[in-house]
Amino acid sequence: MLGIASTELAWAYILCILASLLCVVYGIVKWNDTGVYSDELRDLDDDTPQNDRA
Amino acid sequence: MAIKIILAVVYLLVVFWLGYKGWRETRQASDYLLAGRRMNPFVMAMSYGATFISTSAIIGFGGAAAMYGLPLLWLTFLNIMVGVFIAMVFLGKRTRRMGVALDAHTFPELLGRRYQSIFVQAFAGVVVFLFIPVYAAAVLIGISRMLEVGLGINYATALFIFTGVLALYVVSGGLKAVMYTDAFQGSLMFVMMVILVFFTYGKLGGVVEAHQALTDLAPHLPESLKSAGMLGWTQGAEAGSPIWLVIYTTMVYGVGIGVLAQPQLAVRFMTVSSDRELNRGVLFGGVFIIAMTGAAFVVGALSNAIFFAQTGQVAVQAAEGNIDKIIPLFVSQVMPGWFGVLFLLAMFAAAMSTLSSHYHVGGTSLGRDFYERGLRSAGNPIAVTRVGVAITVVVTLLWGLVLPPSVIARATAFFFGLCAAAFLPAYLLGLYWKGMTRAAAVVSMVGGFAVSFFYLLFVHAKESAALGLCKMVFGVESLALLAEKGSGWWLLQFTDPNIIALPVSFILAVAVSLATAKPDQTHIERCWRHL
């Protein structure tokens, strides 16, 4: 397949391309998805925990 | 030579301008440590990718692909699926949200605050500070050797020049300077690697024709590879053979999974302000990585067909046995002259983007995690971290002067493996499992680190033979050599430490969590506030 002798390695080649395409599709579909708590997370440096222990 | 110098100067001017921009925008600790948590998604993703992919991925692992062939593409697959998709979607979002909930500024600080343990933060900081200079030094050695060959500069001088340029903008500009320069350097690398892979396929007459030419080369496989179990560059290796174990356990599994617990990468998830930036980052990262390791491994493997057609020798023979020389040799002998100059710059960019992040994470680990938190010492956070970065730069330089030149790919695998064994269970379970306790995190981190380190010193032959401690204590280069040749125990010398250390670390994390008192619910609620 694709000039590659081992079917397993031909799949490795194809899966690399498919994985990259998955990233592209995911990025496009979720392009403007900020997540549920985006407003609260913008309020950044509050509530620092004070109870750390060794 | 004049063109090389002019291009190098233009490149450095852009880098310094971006470094200056980073310095100018750095006003408080969160700017220096986390780029103000307001980074653009393209910059975040390119910085993540350019830090991930150094010269060692292109030169070292590209050379390894020339020797072992297309099985290395499984590593590219893991780089994209695990290193980008799973890392950003399943770990990145939680890391960012929990990072904000706990006001964590570094990766060790996230672990320390999740488990309410200064020991966890300081231990993680010390491990990163002690070992990242070795990985950084391997990258520094690689690029200084290229500088020596490409511009005719003395090796030691090249080491000092390179270190000086990087130190200037990393120490002053912090993570903003690092990420801005990374994005520029990543873009340059992307363009060069795309040209390289298209040119290589074109030279061999197309995609299928190129692969077929490599398939037909199997009878010319060097005897040493054949006897170790390799069948051909597109045929793979015999399952369970020594060469199969090296390819699949050290290179594919060790590096492919190890990426998940890399402090210099995980910290980038905390530099953006919402999930949206990470979602967009998945797109940029997925395209970037296939153009980096995908292109490097395909070109590395196909270089055999081109070298053979030109010289009658396969790549490893043409490079006189030094696999780190294969890609530079291919570029200088096969690619057009103009490409060689730009490729050299792209390799500078790859090295600088990785090194700058190593210096930064080493410095924050020493300054913020160990000095400020571990030793409970007060001080100006930016100044303390700057001193930490400066010390990391000097330690890396010293390693660069003493380490041998052939360590590039091994040092990468070494650091990735060590990080996975020490940090991955505490990090992953800390993000997903409310029942993961402080004691479990401590035992898993120390245990995983100890097992991994013991394996490197006494079992995994590549390191144990080089370090010599096993020979001194037990009289053999690896304890696996005491077993019967060809047996499962004997094969352990070729098996990556994390085949053992990572499962041990996970088992310790789960077992100790189940055996110890549940964590304080108020604290857990605070950790999970945004999840």
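- Contacts of Val120(B) with chain A are absent, with no heavy-atom separation under 4.5 Å from either backbone or side chain.
- Annotation: maximal heavy-atom pairing with chain B below 4.5 Å, among Val25(A), Leu9(A), Ile17(A), occurs at Leu9(A).
- Annotation: Glu209(B), atom CD; neighbour count of heavy atoms from other residues, nucleotides and ligands within 6.0 Å is above 12.
- Within 6.0 Å of atom CZ in Phe85(B), more than 12 heavy atoms from other residues, nucleotides or ligands are found, so the atom counts as buried in its surroundings.
- Chain A forms more heavy-atom pairs under 4.5 Å with one residue of Val298(B), Val89(B), Val207(B) than with any other, namely Val89(B).
- In summary, the side chains of His523(B) and Tyr115(B) do not present any donor paired with an acceptor at a separation below 3.5 Å, with no hydrogens or angles considered.
- Residue with the most contacts toward chain A among Phe77(B), Trp233(B), Phe297(B): Phe77(B) (heavy-atom pairs, distance under 4.5 Å).
- Within the 4.5 angstrom heavy-atom criterion, no atom of Leu18(A) approaches chain B.
- Considering only heavy-atom pairs separated by less than 4.5 Å from chain A, the leading option among Asp216(B), Leu283(B), Leu78(B) is Leu283(B).
- Interface residue Val282(B): backbone and side-chain heavy atoms are both found under 4.5 Å from chain A.
- Proximity to chain A (any heavy atom under 4.5 Å) is restricted, for Phe284(B), to the side chain, taken from C-beta onward.
- Take Thr7(A) and apply the side-chain contact (heavy atoms from CB on, under 4.5 Å) test, not counting sequence neighbours, and it matches Met1(A), Trp11(A).
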**Message:** Show, in sequence, the C-alpha distance, side-chain angles and deciding distance for Arg526(B) and Asp103(B), and conclude whether the salt bridge (Lys or Arg N to Asp or Glu O under 4.0 Å) test is met.
**Reply:** CA-CA 11 Å; Arg526(B) 181 186 294 123; Asp103(B) 196 32; over 6 Å; no
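- Counting only distance, with no hydrogens or angles, the side chain of Gln121(B) and the backbone of Ile118(B) share no donor-acceptor pair below 3.5 Å.
- Put simply, the side chain of Tyr48(B) gets close to the backbone of Gly83(B): a donor and an acceptor are under 3.5 Å apart.
- For chain B, the nearby parts of Ile28(A) are the backbone and the side chain; heavy atoms of each come within less than 4.5 Å.
- The most heavy-atom pairs under 4.5 Å with chain B, out of Cys23(A), Ser6(A), Ala10(A), come from Cys23(A).
- Closest non-hydrogen pair, Ala210(B) versus Leu302(B), comes out as O-CD2, 3.6 Å.
- Contact of Leu73(B) with chain A is made through backbone and side chain together, with heavy-atom distances under 4.5 Å.
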